Amino acid sequence: MQQKQSILLKLIALATTLGMLFILLGGALVTKTDSGMGCGRNWPDCNGSLIPKEITTEVLIEFSHRFVTGSVSILVLILVIWTWRTLGHMREVKFLGFLAIFFLIAQALIGAAQVLWGQGDFILALHFGISLISFASVLLLSMIVFEVDRKFDADKVFVGNKLKWHTVGVTLYSYIVVYSGALVRHTQSSLVCPDWPLCNFEKASSLPSNMYEWVQMGHRFAVLLIFVWITYIMIHAIKHYKNQRVIYWGWIISFIIIILQSLTGMLSIFTKLNLFVSLLHSLFITLLFGLFCYMIMLNYRSGLNQKKRLK
């Protein structure tokens with residue numbers, strides 16, 4: 001009986017994690033296709049009815065995003081309650097469950113407020129970042145359910161203070177990168193710079209001339225900094241953490257993802273915002289942030305391991 005419950009919990013955890021990923025990508029799709037007003041100024045109904053009567057592309061995208069968000073919210077609630085009851089002895093489980101629900105509600109409310117009353121670009125740019133925290137919380141809960149820590153010997157992991165600070169710092173900074181990227185989309189600044197990595201090769205020596213160019217180039221500069229930072233951390237991990245594969249490979253994978261993130265950002269410019277490329281761009285930053293959050297959890301595991309050794 002317990003084995004069947006364990007399998008069912010894992011299936012729910014997997015479905016919830018994938019569902020949260022679909023919410024993030026669905027939100028990005030709504031933004032990139034300008035489908036936010038597909039259901040008009042109506043929420044939670046769509047154009048005055050619970051199920052839309054006229055189906056256009058914008059209506060389909062917006063309504064599907066709302067439907068997925070509502071369905072996955074139920075799964076999140078089930079996962080959180082179940083993990084609290086079965087794994088509640090682990091302090092991080094309750095904390096992650098609270099974050100998952102709180103930020104899922106927060107992103108839904110921001111989305112609803114945009115539909116009903118409209119929001120400024122700088123407020124709307126928070127939407128994706130808030131969803132990221134909820135996704136990362138569900139992802140970490142699922143990793144606990146699947147006992148990923150045991151498979152990667154996290155009970156033996158030791159993270160030095162230097163790497164701990166870099167992990168926390170780059171995770172917090174990645175949120176700035178995410179926000180600046182969302183701001184690029186919401187201010188319609190994506191194609192204001194025709195070239196890459198510079199804004200305009202014909203004016204290579206000049207500074208950005210308007211707010212939109214500043215937003216675009218500010219995001220590119222933020223990405224450059226995080227690329228350099230992750231490269232430094234990866235080199236440090238390769239030198240000092242060869243015997244701890246979860247740390248060693250975790251930062252190598254982070255480096256690979258930031259390369260893919262940068263490449264899709266570049267291709268978004270050259271392909272004039274090709275939808276598939278743009279969604280990949282959102283996917284890679286989502287995976288990177290989730291990985292960063294797992295690295296922070298390993299910092300916590302390391303602290304527990306140190307306390308055990310001192311006893």
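Below, each value reflects all heavy atoms present in this structure, side chains not excepted, and no hydrogens, waters or symmetry copies. The residues of the chain are indexed from 1 along the displayed sequence. All values derive from a computational prediction rather than experimental measurement.
Between the OG1 atom of Thr167 and the CG atom of Asn299 there is a distance of 5.0 Å, given to the nearest 0.5 Å. Atom CG of residue Leu24 and atom CG of residue Leu279 lie 11.5 Å apart, to the nearest 0.5 angstrom. Atom CZ of Phe255 sits about 15.5 Å away from atom OH of Tyr232, to the nearest 0.5 Å. Between the OG1 atom of Thr286 and the CG atom of Leu291 there is a distance of 12.5 Å, given to the nearest 0.5 Å. Taken to the nearest 0.5 Å, the CG atom of Leu280 stands 10.0 Å off from the CG atom of Leu275. For the atom pair CZ of Phe292 and CG of Leu132, the computed distance is 11.5 Å after rounding to the nearest 0.5 Å.
Residues Leu183 and Val30 fall into different hydrophobic clusters, defined by Ile, Leu, Val, Met, Phe, Trp and Tyr side chains chained together at heavy-atom separations under 4.5 Å. Hydrophobic clustering, with ILVMFWY side chains joined whenever heavy atoms are under 4.5 angstrom apart, keeps Ile296 apart from Ile144. At a threshold of 4.5 Å between side-chain heavy atoms, the hydrophobic network of Ile, Leu, Val, Met, Phe, Trp and Tyr places Leu172 and Leu99 in two separate groups. Hydrophobic clustering (ILVMFWY, side-chain heavy atoms < 4.5 Å, transitive): Ile253 and Phe135 are in one cluster. The hydrophobic clustering, which links ILVMFWY residues whose side-chain heavy atoms are closer than 4.5 Å, places Leu29 and Val178 apart.
Residue pairs meeting the salt bridge (charged side-chain N to carboxylate O under 4.0 Å, His left out) criterion with at least one partner in residues 63-75, sequence neighbours excluded, are Glu62-Arg66.
Judged by distance alone, the side chain of Tyr248 and the main-chain N or O of Asn243 form no donor-acceptor pair under 3.5 Å. Side-chain atoms of Ser180 do not come within 3.5 Å of backbone N or O of His219 as any donor-acceptor pair. Formation of a donor-acceptor pair under 3.5 Å by the Ser134 side chain with backbone atoms of Ala100 is found in this model. Using a distance-only test at 3.5 Å, with no hydrogens or angles considered, no donor-acceptor pair links the side chain of Ser35 to the main chain of Ile61.
Listed by chain and residue number, Cys39, Pro52, Val59, Phe63 satisfy the side-chain contact (heavy atoms from CB on, under 4.5 Å) test with Cys46 (two or more places apart in sequence, or in another chain). Applying the side-chain contact (heavy atoms from CB on, under 4.5 Å) rule to Tyr300 yields the partners Arg91, Glu92, Leu304; only residues at least two apart in sequence or on another chain are considered. With sequence neighbours left out, the side-chain contact (heavy atoms from CB on, under 4.5 Å) criterion links Leu11 to Ile7. Trp196 pairs by the side-chain hydrogen bond (donor to acceptor under 3.5 Å, both in side chains) definition with nothing, not counting sequence neighbours. Every side-chain hydrogen bond (donor to acceptor under 3.5 Å, both in side chains) that Glu213 has, sequence neighbours left out, goes to Ser209. In this structure Phe221 satisfies the ring-ring contact (aromatic ring centres under 6.0 Å, His included) test with no other residue, sequence neighbours excluded. With sequence neighbours excluded, no residue forms a side-chain hydrogen bond (donor to acceptor under 3.5 Å, both in side chains) with Thr31. Not counting sequence neighbours, the partners of Phe67 by the side-chain contact (heavy atoms from CB on, under 4.5 Å) test are Ser71.
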TODO: Please assess Val145 against Leu141 for the test side chain to side chain contact (heavy atoms under 4.5 Å, CB included), listing each intermediate value before the final yes or no.
DONE: CA-CA 6 Å; Val145 169; Leu141 271 179; 5.5 Å; no

Task: Leu140 and Cys293: CA distance, side-chain angles, deciding distance, side chain to side chain contact (heavy atoms under 4.5 Å, CB included) verdict - done: CA-CA 8 Å; Leu140 295 185; Cys293 290; 4.1 Å; yes

TODO: Evaluate side chain to side chain contact (heavy atoms under 4.5 Å, CB included) for Leu191 paired with Gln216, printing each intermediate quantity in order.
DONE: CA-CA 8 Å; Leu191 296 178; Gln216 174 64 244; over 6 Å; no

Open item on the list: With side chain to side chain contact (heavy atoms under 4.5 Å, CB included) as the criterion, how do Trp251 and Leu163 come out once you've worked through the C-alpha distance, each side chain's angles and the decisive distance to 0.1 Å?
Closed with: CA-CA 11 Å; Trp251 286 109; Leu163 184 55; 4.0 Å; yes

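In this structure, Phe270 places its CZ atom where more than 12 heavy-atom neighbours from other residues, nucleotides or ligands lie under 6.0 Å away. Atom NZ of Lys94 has 12 or fewer heavy atoms from other residues, nucleotides or ligands within 6.0 Å. When the shell of 6.0 Å around CH2 of Trp84 is examined, it contains more than 12 heavy atoms from other residues, nucleotides or ligands.
Taking the side chain as every heavy atom from C-beta outward, Val246 and Tyr294 approach each other to under 4.5 Å. Using a 4.5 Å cut-off on side-chain heavy atoms (C-beta onward), Val138 and Leu104 make no contact. Residues Ser282 and Leu25 form a side-chain contact, since some pair of their non-hydrogen atoms from C-beta on lies under 4.5 Å apart. Side-chain contact between Thr231 and Ile235: present, with at least one pair of heavy atoms (C-beta onward) separated by less than 4.5 Å.
Contact detail for Gln107 and Ile23: the closest heavy-atom pair is NE2-CG2, 4.2 Å. Between Glu58 and Asp34, the shortest heavy-atom distance links the atoms CG-O, 4.2 Å. Val72 and Thr16 make their closest contact through CG1-O, 4.1 Å (heavy atoms, listed as atom of the first residue, atom of the second, distance). The two residues Arg220 and Pro197 make their nearest non-hydrogen contact at NH1-O, 3.0 Å. Annotation for Pro194 and Ile269: closest pair O-CG2, 3.8 Å, computed over non-hydrogen atoms. Nearest heavy atoms, Val93 versus Thr83: CG1-O, 3.6 Å.
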Donor-acceptor contacts under 3.5 Å from residues 260-267 side chains, at least two apart:
| from | atom 1 | to | atom 2 | distance (Å) |
| --- | --- | --- | --- | --- |
| Gln261 | OE1 | Ile285 | N | 3.2 |
| Gln261 | NE2 | His281 | ND1 | 3.4 |
| Gln261 | NE2 | His281 | NE2 | 3.3 |
| Ser262 | OG | Ile258 | O | 2.9 |
| Thr264 | OG1 | Leu260 | O | 3.0 |
| Thr264 | OG1 | Gln261 | O | 2.9 |
| Thr264 | OG1 | His281 | ND1 | 3.0 |

Identify all side-chain donor-acceptor contacts of residues 75-82 below 3.5 Å with residues at least two apart in sequence or on another chain.
none

Under 3.5 Å, which donor-acceptor pairs link side chains of residues 222-229 to any protein atom two or more places apart or in another chain?
| from | atom 1 | to | atom 2 | distance (Å) |
| --- | --- | --- | --- | --- |
| Trp229 | NE1 | His166 | ND1 | 2.9 |

